[in-house]
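Both backbone and side-chain heavy atoms feed into the values below; hydrogens, waters and symmetry mates do not.
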Amino acid sequence: MLSGALLCGACGKGDADRTDRPSAAGLPIRVEPVITRATETDFENGDAIGLTVSRESGVYATNEKLVFDGTSFGGSLVWYAEGADVASLSAYSPWQESGVPTSFTVQADQTAGTSSSDFLAASKTGVIPSANAVAMVFQHRLTRLVIKVQNNTGKTITGITVGGARLAAKLSEDFTATVDPSAAVTPVKARNAAEKTWHAILPPQTVSLSVKVESELSLPEQYLAEAQLQGGKQYSVGIVVNPDGLKVTLSGAIDNWEDGGELEPGGNPPAADFEEHLDQKYFIYHKRNYSVVKMKDGKWWMAQNLAYLPEGKTASTDVSAVTAGFFAPIRINAAQTAAEFTTDAAVVTSNGYLYQAEAALGLEVGAITTLDQAVALEGAQGLCPPGWHVPTLADIRGLVGKIPQQTAVTTPYFDGSECYMDALNADGFNMAAFGMVSILDNTRTSGSITGFMSSYKDHLSSGMFCGSSVGRVDGSDTPTATYNTAGDPASGIKNLQFYGFMPMTNKASSSQYTCNGTKVSYRIAAPLRCVRDKSE
């Protein structure tokens with residue numbers, strides 16, 4: 001089988017000219033969807049996308065209907081015979097029989113669900129015909145409102161209606177959505193997604209919305225301040241329902257889609273949940289201040305570990321919770337005999353939380369089911385703030401130089417043998433060993449706290465950090481995974497590894513502490529340091 005590297009859009013320059021590639025002519029074209037931010041339902045069996053395939057010689061297929069079978073989209077469309085010809089793929093959902101859409105209208109009544117109103121699109125270039133499904137990242141093009149309701153009346157809320165918006169959008173060639181200004185302003189009935197949460201999807205637009213709560217009480221309509229709703233983002237509205245009327249309060253940030261902020265009644269919208277102050281070497285993210293530093297690799301790095309839990313998530317202190325996603329930090333116990341979990345606020349601030357790879361990358365644990373999905377996550381924002389990402393192999397190697405099974409590279413912090421922690425910390429990196437929860441693969445029912453050595457009782461002596469690039473076959477650039485049945489991807493992934501940092505302080509002198517790169521099992525829970533997308 002062809003490796004996932006041929007599907008990732010980062011193919012070697014000579015791949016298209018290879019003559020030893022197995023022919024895929026006549027094999028069905030399949031698309032494996034990757035959605036890095038949670039949707040209401042994700043794709044379900046029977047959902048359809050429209051796929052367009054283009055080559056240098058022209059368009060090969062337009063708006064071909066592919067149907068989801070629980071794993072990938074497929075249909076009657078097959079690959080062309082010219083196996084070395086590179087293709088560009090674009091896809092959208094939901095499929096429209098009339099042709100590739102240039103407009104899209106959300107439903108006025110979304111009480112039964114928002115999936116038919118959720119327009120998604122994906123594109124990928126440099127695709128070579130293959131028997132494997134093509135992994136494509138689908139992104140939301142419209143806007144979602146998340147309405148959090150606190151009901152203090154004792155009366156049942158039967159519905160929520162959002163008014164003031166236009167429901168039709170125009171779609172550009174790359175499926176960027178903008179509101180159709182000629183469309184009528186139409187109220188939308190929101191979906192009751194959970195006990196206290198309602199959802200509504202709208203086209204991107206600048207609008208002053210209203211919210212009407214329907215119940216046994218006669219409640220006034222609540223008007224919101226004018227806001228610019230952007231495509232791919234969601235906005236949070238918190239409403240308190242009292243017997244004498246409504247009032248809007250700020251609700252917590254919600255970690256779905258890309259957080260666009262919160263909408264208020266009257267006045268100015270609230271401050272964004274992310275403020276970047278590079279000139280003062282810090283940013284504020286989810287109400288925490290984090291130090292940042294520009295290292296000699298030319299990149300901005302967090303100079304402390306992330307200490308963020310998405311809404312609804314808790315940090316586990318149970319090593320048998322092997323799919324918890326989030327774990328409390330660890331420290332040496334008072335007797336200096338072992339490492340232990342702690343929920344002490346000061347330790348959370350100094351050490352951050354421990355994240356399994358999928359959680360760090362913004363997914364639920366278990367969401368990655370194929371190697372191609374994992375490869376497509378390289379450089380993902382994940383839990384990092386906007387404009388920052390989970391470190392890639394290039395980021396890690398460019399900083400520390402040394403990664404086992406990879407050719408070492410020259411960096412200002414690598415002396416040809418090791419990357420010493422003192423060199424990093426002299427420039428403000430503030431690296432230490434923070435330990436980890438070791439869970440070797442997804443067949444394990446329990447993990448263990450790692451980082452304590454009896455020879456160094458006063459500090460944690462080892463650890464690993466999260467990254468976003470899948471581990472390669474030793475000495476090559478081919479991403480790899482192990483499977484429940486050796487060599488059989490259909491049997492399911494047993495383990496993946498992502499490149500990360502490996503701080504080691506198991507030396508008598510701090511001058512000998514090292515921080516090199518390493519491969520980290522995706523079920524290990526480790527700290528996270530984000531790196532900025534742009535160096536300026």
Side-chain angles (χ1 to χ4, degrees), residues 34-38 137 139-140 232-234 252-261 272-278 281-295 297-313 315 325-327 329 348-349 351-365 367-368 374-396 398-399 429-431 434 464-470 498-501 517 520 522 524-536:
V34 179
I35 303 179
T36 57
R37 300 183 189 281
V137 179
Q139 297 177 324
H140 304 281
K233 292 188 178 182
Q234 72 171 16
I254 298 171
D255 194 35
N256 294 324
W257 293 42
E258 181 178 349
D259 191 13
D273 207 22
F274 174 60
E275 297 179 18
E276 193 175 63
H277 301 276
L278 297 183
K281 295 186 178 181
Y282 78 97
F283 62 62
I284 302 172
Y285 186 45
H286 293 287
K287 301 178 177 63
R288 284 186 184 271
N289 284 36
Y290 294 92
S291 298
V292 299
V293 61
K294 192 170 188 178
M295 300 296 285
D297 63 348
K299 297 180 180 181
W300 285 97
W301 289 84
M302 291 179 66
Q304 62 189 98
N305 303 340
L306 188 69
Y308 165 54
L309 289 176
E311 183 176 325
K313 301 297 184 181
F326 307 83
F327 288 83
V348 170
T349 298
N351 292 13
Y353 291 110
L354 305 177
Y355 306 93
Q356 291 177 284
E358 287 164 305
L361 291 165
L363 304 172
E364 295 295 326
V365 175
I368 298 176
V375 170
L377 292 167
E378 183 171 61
Q381 177 184 336
L383 296 182
C384 298
W388 293 67
H389 63 268
V390 180
T392 65
L393 170 60
D395 295 327
I396 295 165
L399 184 69
F429 200 55
N430 296 324
M431 177 56 75
F434 298 94
M464 293 180 175
F465 275 71
C466 298
S468 64
S469 296
V470 174
F498 288 87
Y499 287 108
F501 292 115
V520 184
Y522 77 144
I524 284 175
L528 172 61
R529 293 271 182 105
C530 303
V531 59
R532 195 170 188 265
D533 297 347
K534 298 179 180 179
S535 58
E536 68 271 10

Which distance, rounded to the nearest 0.5 Å, do you find between the CG of Asn305 and the OG1 of Thr349?
11.5 Å
So, taking the atom named CG in Leu278 and the one named NZ in Lys534, what distance separates them when rounded to the nearest 0.5 Å?
12.0 Å
Short side-chain to backbone donor-acceptor contact, Ser469 and Glu378, under 3.5 Å
no
Donor-acceptor pair, side chain of Ser291 and main chain of Ala303, under 3.5 angstrom:
no
Should Tyr353 and Val348 count as side-chain neighbours, where that means a heavy-atom distance under 4.5 Å?
yes
Tightest non-hydrogen contact, residues Glu358 and Ile368, listed as OE2-N, 2.9 Å
Side chain of Arg529, backbone of Phe501: donor and acceptor closer than 3.5 Å?
no
Residues at least two apart in sequence or cross-chain that pass ring-ring contact (aromatic ring centres under 6.0 Å, His included) with Trp300, listed by chain then number, are none
Which pair of non-hydrogen atoms, one from Gly517 and one from Ile396, has the smallest distance, and what is that distance?
CA-CG2, 4.1 Å
So which atom in Cys384 and which in Leu528 form the shortest heavy-atom distance, rounded to 0.1 Å?
SG-CD2, 4.3 Å
Ignoring hydrogens, what is the shortest heavy-atom contact between Cys466 and Pro391? Give both atom names and the distance.
O-CD, 4.0 Å
Apply ring-ring contact (aromatic ring centres under 6.0 Å, His included) to Phe283 and list each qualifying residue two or more places apart in sequence or on a separate chain.
Phe274, Tyr290, Trp388
Value for SG (Cys530) from OH (Tyr285), rounded to nearest 0.5 Å, stands at 7.5 Å
Looking only at non-hydrogen atoms, find the nearest pair between Thr392 and Ser468 and report the distance.
CG2-OG, 3.7 Å
Which residues share a side chain to side chain donor-acceptor pair (under 3.5 Å) with Asp533, sequence neighbours left out
His389
Run the numbers on Gln234 and His140 for side-chain contact (heavy atoms from CB on, under 4.5 Å), then give the verdict.
CA-CA 10 Å; Gln234 72 171 16; His140 304 281; over 6 Å; no
State which residues pass ring-ring contact (aromatic ring centres under 6.0 Å, His included) with Tyr499; sequence neighbours excluded, sorted by chain then number.
none
What residues form a side chain to side chain donor-acceptor pair (under 3.5 Å) with Lys294, not counting sequence neighbours?
none
Once you round to the nearest 0.5 Å, how far does CG of Asn430 lie from CD of Gln304?
8.0 Å
CG of Leu399 to CE of Met295: how many Å apart, nearest 0.5 Å?
5.5 Å
Val390 versus Ala360, closest heavy-atom pair with distance
CG2-O, 3.6 Å
Set of ring-ring contact (aromatic ring centres under 6.0 Å, His included) partners for Phe498, sequence neighbours left out
none
Rounded to the nearest 0.5 Å, what separation is found between the CZ atom of Phe326 and the CG atom of Leu383?
5.5 Å
